[in-house]
Amino acid sequence: VHKANVLIASYGRSGNVENAKIVFDSISQPDHYSWNSLLTSYARNGHLDAAKAAFDGMPLRTVVSWGSMLAAFAWNGHLKQARAVFDRIPSCNVISWNGMVTAYARSGCIEEARQVFNGMPERDVLSWNIMVQGYAENGVLREAEKMVSRCPMHNVMSWTCLFLAYAETGNMKDAKASFDRMLVRDLVTWNAMIQAYTQNEYLVEAEQVFRKMPTREVASWNTMIQLFSTANHLEGAKAVFDEMPERNVISWTSLLCASSSSTVFERMPQTSWITWNAMLAAVCQDGHIEKALGLLDKMPLKT
RNA sequence: ACGAUCAUCGCCCACU
């Protein structure tokens, strides 16, 4: 049974609701894990009615089932219903509370989110994170900042979210200051820093940060390609590309954007629809209508 | 027997 349950859950995660249901039906004695997995498969993929039916039909509703249902409503924009579910949960845990906070925060009801957050009997890292992200997304940087400093755990993700919110305003002074104030940083933080500099065309600073980084990963290198690309420095971009220890689709696509060259495109080991769009854009820019149409024909997925 | 599988955030890099 438990193997089947895992299957249901993974089908659900990949959006394959039909298969999830088939597996579920093949179980002679589904337990509450099976039911919950089925429920979340529906919930995650927008099948609200099916989710409701599963919820009503299940023999035993655990706090997980309630949580799924809450998330299902929240995801589909039914805040009121989500709230109704929340109010009826027999025994809330942190996750249920977080779910409710998330529901409000994501719908832009940051005040309500805050109220729920304030009423929480206990909070975990996620609770704080959701609030920080919520404030940051709504541009209330002062509150986001307060949240981060009040948070008892040192949480990289919160710090990074706050940093990104500053960076988005284009005020690199504030962004840098918040970066410097961080007590903990991880790769993502560093990557975000060079990315922010690059985007705001502080190319020298970006490269300095890149050099200073304790470790690097593909994303860091990719940003360096883009750095040279924004500087119109094709040779530099190529040099980075050759120098980097490993490459992914994004590396290739970045190089493609820098060079607009179809030879790069042909050499690519993998492509994605973004790659195709990038190539298409480059070809159109050069006015090669025939080529563009040819590309369009060959495109695996048109958007 | 216990455990393991299910719900909430998941933050950084490519086209538009």
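Because the structure is a prediction, the values reported are computed rather than measured.
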For A:Trp273 and B:rC15, give me the distance from atom CH2 to atom P, rounded to whole Å.
11 Å

Using a heavy-atom cut-off of 4.0 Å across all strands, would you classify A:Val1 as base, sugar-phosphate, or nothing?
nothing

Rounded to whole Å, CG of A:Asn98 lies from P of B:rA7 at a distance of 14 Å

Tell me which residues in residues 125-150 of chain A lie within less than 4.0 Å of RNA chain B, going by non-hydrogen atoms.
A:Leu126, A:Asn129, A:Ile130, A:Gln133

Identify whether any heavy atom of A:Ser272 sits under 4.0 Å from a base atom; if not, whether one sits that close to sugar-phosphate; answer base, sugar-phosphate or nothing.
base

Close approaches to RNA chain B from residues 216-232 of chain A, in residue order (heavy atom, under 4.0 Å):
A:Glu217, A:Ala219, A:Asn222, A:Thr223, A:Gln226

Listed pairs under 3.5 Å, donor-acceptor, residues 43-56 of chain A side chains, sequence neighbours left out:
unit_1  : atom_1 : unit_2  : atom_2 : d
A:Asn45 : ND2    : A:Gly12 : O      : 3.2
A:Asn45 : ND2    : A:Ser41 : O      : 2.5

Classify the nucleic acid contact of A:Arg44 as base, sugar-phosphate or nothing, counting any heavy atom under 4.0 Å across all strands shown.
sugar-phosphate

Check the distance between B:rA7's P and A:Leu48's CG and give it to me in whole angstrom.
17 Å

With a 6.0 Å cut-off on ring centres, are A:Phe117 and A:Trp128 close enough?
yes

To the nearest angstrom, the CZ-P distance between A:Arg61 and B:rC6 comes to 21 Å

Nearest of B:rU8, B:rA14, B:rC13 to any side-chain atom of A:Ile274?
B:rA14

The nucleotide from B:rC6, B:rC11, B:rA14 with an atom nearest the side chain of A:Ala9 is B:rC6

Taking both distances under 3.5 Å as the test for a Watson-Crick or G-U pair, what stems of at least three pairs does RNA chain B have?
none

Report, one line per pair, each donor and acceptor closer than 3.5 Å where one atom sits in a side chain of residues 84-94 of chain A; sequence neighbours left out.
unit_1  : atom_1 : unit_2  : atom_2 : d
A:Asp87 : OD1    : A:Arg83 : NE     : 3.2
A:Asp87 : OD1    : A:Arg83 : NH2    : 3.4
A:Asp87 : OD2    : A:Arg83 : NE     : 3.4
A:Asn93 : OD1    : A:Ile95 : N      : 3.0
A:Asn93 : OD1    : A:Ser96 : N      : 2.9
A:Asn93 : OD1    : A:Ser96 : OG     : 2.8

Side-chain donor-acceptor pairs under 3.5 Å in residues 135-143 of chain A, sequence neighbours left out?
unit_1   : atom_1 : unit_2   : atom_2 : d
A:Tyr135 : OH     : A:Arg114 : NH1    : 2.9
A:Asn138 : ND2    : A:Gly134 : O      : 2.6
A:Glu143 : OE2    : A:Lys146 : NZ     : 3.1

Whole angstrom is fine here: how far is it from CE in A:Met213 over to P in B:rC13?
13 Å

Exercise: identify the closest heavy-atom pair between A:Ile130 and A:Ala105
CG2-CB, 4.2 Å

According to side chain to side chain donor-acceptor pair (under 3.5 Å), does anything in residues 209-219 of chain A pair up with another residue at least two apart or in another chain? List the pairs.
A:Asn191-A:Glu217, A:Glu207-A:Arg211

Nearest heavy atoms of A:Ala292 and A:Val283, plus distance in Å
N-CG1, 3.6 Å

I'd like to know whether CD of A:Glu168 has more than 12 heavy-atom contacts from other residues, nucleotides or ligands below 6.0 angstrom.
no

Listed pairs under 3.5 Å, donor-acceptor, residues 241-250 of chain A side chains, sequence neighbours left out:
unit_1   : atom_1 : unit_2   : atom_2 : d
A:Arg247 : NE     : A:Phe241 : O      : 2.8
A:Arg247 : NH2    : A:Phe241 : O      : 2.9
A:Arg247 : NH2    : A:Asp242 : O      : 3.2
A:Asn248 : OD1    : A:Asn222 : ND2    : 3.3
A:Asn248 : OD1    : A:Ile250 : N      : 3.0
A:Asn248 : OD1    : A:Ser251 : N      : 3.0
A:Asn248 : OD1    : A:Ser251 : OG     : 2.9

Indicate the atoms forming the closest heavy-atom contact of A:Val132 with A:Ala144, along with that distance.
O-CB, 4.0 Å

If only side-chain N and O atoms of A:Arg247 are considered, is one of them under 4.0 Å from the OP1 or OP2 phosphate oxygen of B:rC13?
no

Consider the side chain of A:Thr102, meaning its heavy atoms from C-beta on, and name the nucleotide among B:rC9, B:rC11, B:rC6 that approaches it most closely.
B:rC9

What integer distance in Å separates A:His32:NE2 from B:rA4:C1'?
13 Å

From CG of A:Leu70 over to P of B:rC6, roughly how many Å is that when rounded to an integer?
18 Å

Assess whether salt bridge (charged side-chain N to carboxylate O under 4.0 Å, His left out) is satisfied between A:Arg150 and A:Glu145, documenting all intermediate values.
CA-CA 9 Å; A:Arg150 277 184 47 207; A:Glu145 181 83 53; over 6 Å; no

Does atom CD of A:Gln285 have more than 12 heavy-atom neighbours, drawn from other residues, nucleotides or ligands, at distances under 6.0 Å?
no

Are there more than 12 heavy atoms of other residues, nucleotides or ligands under 6.0 Å from atom CZ of A:Arg267?
no

Can you tell me how far P of B:rC6 sits from CZ of A:Arg13, to the nearest Å?
6 Å

Below 4.0 angstrom, which residues in residues 249-256 of chain A have at least one non-hydrogen atom near RNA chain B?
A:Ile250, A:Thr253, A:Ser254

May I ask you to check whether A:Phe24 and A:Trp35 place their ring centres under 6.0 Å from each other?
yes

Who passes salt bridge (Lys or Arg N to Asp or Glu O under 4.0 Å) against A:Asp286, sequence neighbours left out?
none

Check A:Val209 against A:Tyr197 and note the closest heavy-atom contact, atom names and distance.
CG2-CE1, 3.7 Å

Please check if the side chain of A:Asn155 supplies one atom and the backbone of A:Cys151 the other of a donor-acceptor pair under 3.5 Å.
no

Stretch residues 75-95 of chain A: residues that reach within less than 4.0 Å of RNA chain B through a heavy atom:
A:Trp75, A:Asn93, A:Ile95

Sorted by number, residues from residues 178-193 of chain A placing a heavy atom under 4.0 Å from RNA chain B are A:Val188, A:Asn191, A:Ala192

